[in-house]
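Order of the sequence lines fixes the chain letters, A, B, ..., with proteins taken first and strands second; residue numbering starts at 1 for each chain.
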Amino acid sequence: SISATAMLTAYAQHGQIQDSRAIFEQMPQKNIVSWNAMLTAYAEHGDHLEVERLSTRMPELDLVSWTTMLTAYAEEGLTLKANSVFEQMPEKDRVAWTAMLRAYVLAGNLEYARWTMERMPEWDTVAVTTMLAAYAAAGHMDQAEGLFSGLEEHNPVLQTAMLGAYSVTGDMLEAKCVFDGMVSKSLVSWNSMLSAYAQHGNAFQAKQIFDETPERTAVTWIAMISAYAHNGHLREALLVFHEMNTFNVFLDEVCFICALHACNHVGKTTAARSCFVSMSFDYHVVPTKRHYCCLADLMARAGHLRDAEELVLNMPFVPE
RNA sequence: CCGGAUGGAACGCAAGCG
C-alpha cells in the first residue's frame, strides 16, 4: 500500500494522472494517505471538480485532506470556496492557516491575508515568509521590512525572500547585505542574488555570482543568459547557452524560450530553427504557445513572412 | 521497536496590451 501510493504520486508528478488513478483504483486497501495522495494529484492537475468528487467518497478526512482541498480551490482563484473549507475544518494547524493566508495572497487581498496571519494562534515562519513575499511583490517595502525586523530567527528562506524584496525596489546594497549575512545559503539564495543583479543591468556582478555559486540549476543558467541578453551582450548570451548544453543540465521549456529570444536579437534564424527542433527531439520538451510566439516573431523580423505565417497556421494551438 | 508514501513559504523566461 505504501509503495503503491508512492507510484501513484510519481505518475501524477509526471502528468500521468490517468495512470495514477488506475493504480489507485486497483489498490486492495486504501488508507487515508493513499486517498490524500490521489487528492493531491488532482489538485496539482488543476482539477478541483475531481478533488471535490473524490473527497465525498472518502471514508474520513484529516488535516491533510482539508488543506489539499483548500489549496486546490485557492489555486483556481476560488477564494470563497477555499475559505468555506477553512471555516468548516474541525481543527486547524499552522499549515492550514498558512494555506488560507496564501489563498488571500493569490486573490490579491493582502488585508485579509494579514488579518489571517494575525489570527493565527502562534506565528509561524512559513506564514510570515508568505506574507513578506506578498508585500514585496506589491511594493509595500515598509511592511515587508517591518515583518523581517520583527522576527528574531532568520532562516535562509526568509532571508532570501527579503533579498528578493530589496531586488524589487532595486536596493542592491541592501540585497547584497542580506545575502552576505546569511549563515547558510541555499541554491535559491544564490539564484536570487544572481537574478537581482541580472534584473538591474549588472551583468558583471551577475557573472561573479554565476562563477562563485556551488552549483548551477536551470534557473541559474537562464538568469545568466538573460542578464547578458537584456544588456545587449547577445554573443555572450549565446555562448553561455552553448556552454549550458555541454553540461548535464535539465533543460525545461523556459530554457528554450530564453535561447530563442537570444537568437531572435542576434537575428540567427537558422540557429533558432535548429534549437526549436532539438527541443522536441533531443530534450522531449513539448513546444508551447510561447515558443511558437518567439519563433514566429523571429522569422517575421528576419523577413521570412511566409514561413512565419505557415508556422502560425500549422501550430497546434488556436492563434490569438 | 524503528524507518519508508500525502498538505503551507523564497529564485529564472518571450511577446502583446496598458
Side-chain angles (χ1 to χ4, degrees), chain A residues 1-10 12-13 27 30-41 43-44 61-72 74 92-103 105 120 124-134 136-137 155-165 167 178 182 185-196 198-199 206 209 213 216-227 229-230 252-265 288-298 300-301 320:
Chain A
S1 181
I2 291 182
S3 53
T5 307
M7 277 180 64
L8 182 167
T9 300
Q13 283 168 353
M27 286 174 70
K30 306 171 176 56
N31 60 22
I32 182 78
V33 177
S34 26
W35 280 98
N36 285 339
M38 198 65 240
L39 275 189
T40 303
E44 282 171 358
L61 298 168
D62 67 1
L63 270 172
V64 176
S65 334
W66 293 107
T67 311
T68 304
M69 289 165 64
L70 196 169
T71 304
K92 305 170 173 72
D93 64 0
R94 50 194 197 159
V95 177
W97 279 98
T98 309
M100 191 62 238
L101 190 167
R102 182 168 155 74
V105 170
M120 286 178 75
D124 174 80
T125 169
V126 177
V128 175
T129 308
T130 309
M131 197 68 241
L132 189 153
N155 71 40
V157 176
L158 182 76
Q159 288 171 310
T160 306
M162 196 61 224
L163 191 171
S167 169
V178 173
M182 293 176 66
K185 301 175 173 75
S186 71
L187 288 180
V188 175
S189 320
W190 284 94
N191 287 339
S192 300
M193 195 64 243
L194 170 47
S195 311
Q199 286 159 4
I209 300 290
T213 186
R216 293 171 185 167
T217 67
V219 172
T220 319
W221 289 97
I222 299 292
M224 193 63 238
I225 293 171
S226 47
H230 277 276
D252 63 12
E253 51 172 72
V254 176
C255 297
F256 290 97
I257 288 171
C258 195
L260 287 171
H261 182 234
C263 292
N264 194 341
H265 281 258
T288 65
K289 245 186 215 178
R290 294 166 72 196
H291 295 98
Y292 281 96
C293 200
C294 252
L295 189 60
D297 185 41
L298 169 96
R301 279 179 213 258
E320 292 168 24

Open item on the list: As a test of reading the structure: which of B/A14, B/G8, B/G12 is closest to the side chain of A/Ile222, going by heavy atoms?
Closed with: B/G12
TODO: Decide yes or no, distance alone: a donor-acceptor N/O pair under 3.5 angstrom between the base of B/G8 and the side-chain of A/Asp124.
DONE: yes
Open item on the list: Using every non-hydrogen atom in the two residues, find where A/Lys92 and A/Leu63 come nearest and quote the distance to one decimal.
Closed with: CA-CD2, 4.1 Å
Open item on the list: Students often get this wrong, so: under 4.0 angstrom with heavy atoms, is A/Leu63 touching a base, only sugar-phosphate, or nothing?
Closed with: base
Check nucleotides 2-6 of chain B for protein N or O atoms closer than 3.5 Å to its own N or O atoms and list the pairs.
from: B/A5; atom 1: N1; to: A/Asn31; atom 2: ND2; distance (Å): 2.9
from: B/A5; atom 1: N3; to: A/Thr5; atom 2: OG1; distance (Å): 3.3
from: B/U6; atom 1: O2'; to: A/Thr40; atom 2: OG1; distance (Å): 2.6
from: B/U6; atom 1: O2; to: A/Asn36; atom 2: ND2; distance (Å): 2.9

Task: Atom-pair distance (CE on A/Met224; C1' on B/G12), nearest Å - done: 12 Å
Open item on the list: Starting the side chain at C-beta, find the nucleotide from B/A14, B/C11, B/A9 nearest to A/Cys294.
Closed with: B/A14
Open item on the list: If you define the side chain from C-beta out and look only at heavy atoms, does anything of A/Thr160 sit under 4.5 Å from A/Met193?
Closed with: no
TODO: Taking only the side-chain heavy atoms of A/Val254 (C-beta and beyond), determine which of B/C13, B/C11, B/G8 contains the nearest atom.
DONE: B/C13
- [ ] Quick one: label A/Thr98 by what it contacts on the DNA or RNA (base, sugar-phosphate, nothing), any heavy atom closer than 4.0 Å.
- [x] base
- [ ] Would you kindly give the CG-to-C1' distance between A/Leu70 and B/G8, to the nearest whole Å?
- [x] 10 Å
TODO: Write down the distance between CE (A/Met182) and P (B/C11), rounded to a whole number of angstrom.
DONE: 13 Å
- [ ] Check whether any side-chain heavy atom of A/Pro156 sits under 4.5 Å from a side-chain heavy atom of A/Lys185, and report yes or no.
- [x] no
Open item on the list: Please tell me whether A/Thr217 and A/Thr220 have a donor and an acceptor in their side chains that are separated by less than 3.5 angstrom.
Closed with: yes
TODO: Could you tell me whether A/Thr220 contacts a base, only the sugar-phosphate backbone, or nothing, with contacts defined as non-hydrogen atoms closer than 4.0 Å?
DONE: nothing
Open item on the list: Looking only at the side chain of A/Ser195 (C-beta and beyond, no hydrogens), which of the listed nucleotides B/G7, B/C11, B/A14 gets closest?
Closed with: B/C11
Task: Interatomic distance, A/Ile225 CD1 vs B/C11 C1' [rounded to whole Å] - done: 16 Å
- [ ] With the side chain counted from C-beta on, respond yes when A/His291 and A/Thr288 share a heavy-atom pair under 4.5 Å apart, and no when they do not.
- [x] yes
TODO: Give a yes/no on whether any side-chain N or O of A/His230 is located under 4.0 angstrom from OP1 or OP2 of B/A14.
DONE: yes
Task: CG on A/Asp124 to OG1 on A/Thr129, rounded to 0.5 Å - done: 8.0 Å
Task: Rounded distance in Å - NZ (A/Lys289) to P (B/G16) - done: 16 Å
Open item on the list: From the set B/A10, B/A14, B/G12, return the single nucleotide nearest to any side-chain atom of A/Arg290.
Closed with: B/A14
Open item on the list: Output the rounded distance in Å from CZ (A/Arg102) to C1' (B/G7).
Closed with: 13 Å
Task: All ring pair (Phe, Tyr, Trp, His ring centres under 6.0 Å) counterparts of A/Trp66, not counting sequence neighbours - done: none
Open item on the list: How many whole angstroms separate atom CG of A/Leu295 from atom P of B/G16?
Closed with: 16 Å
Task: Option passing side chain to side chain donor-acceptor pair (under 3.5 Å) with A/Asn36 (candidates A/Thr67, A/Asn31, A/Asp62) - done: A/Asp62
Task: Nucleotide B/C13, atom P - distance to OH of A/Tyr292 in whole Å - done: 24 Å
Open item on the list: Which nucleotide wins on minimum distance to the side chain of A/Gln199, given the candidates B/A9, B/G7, B/C13?
Closed with: B/C13
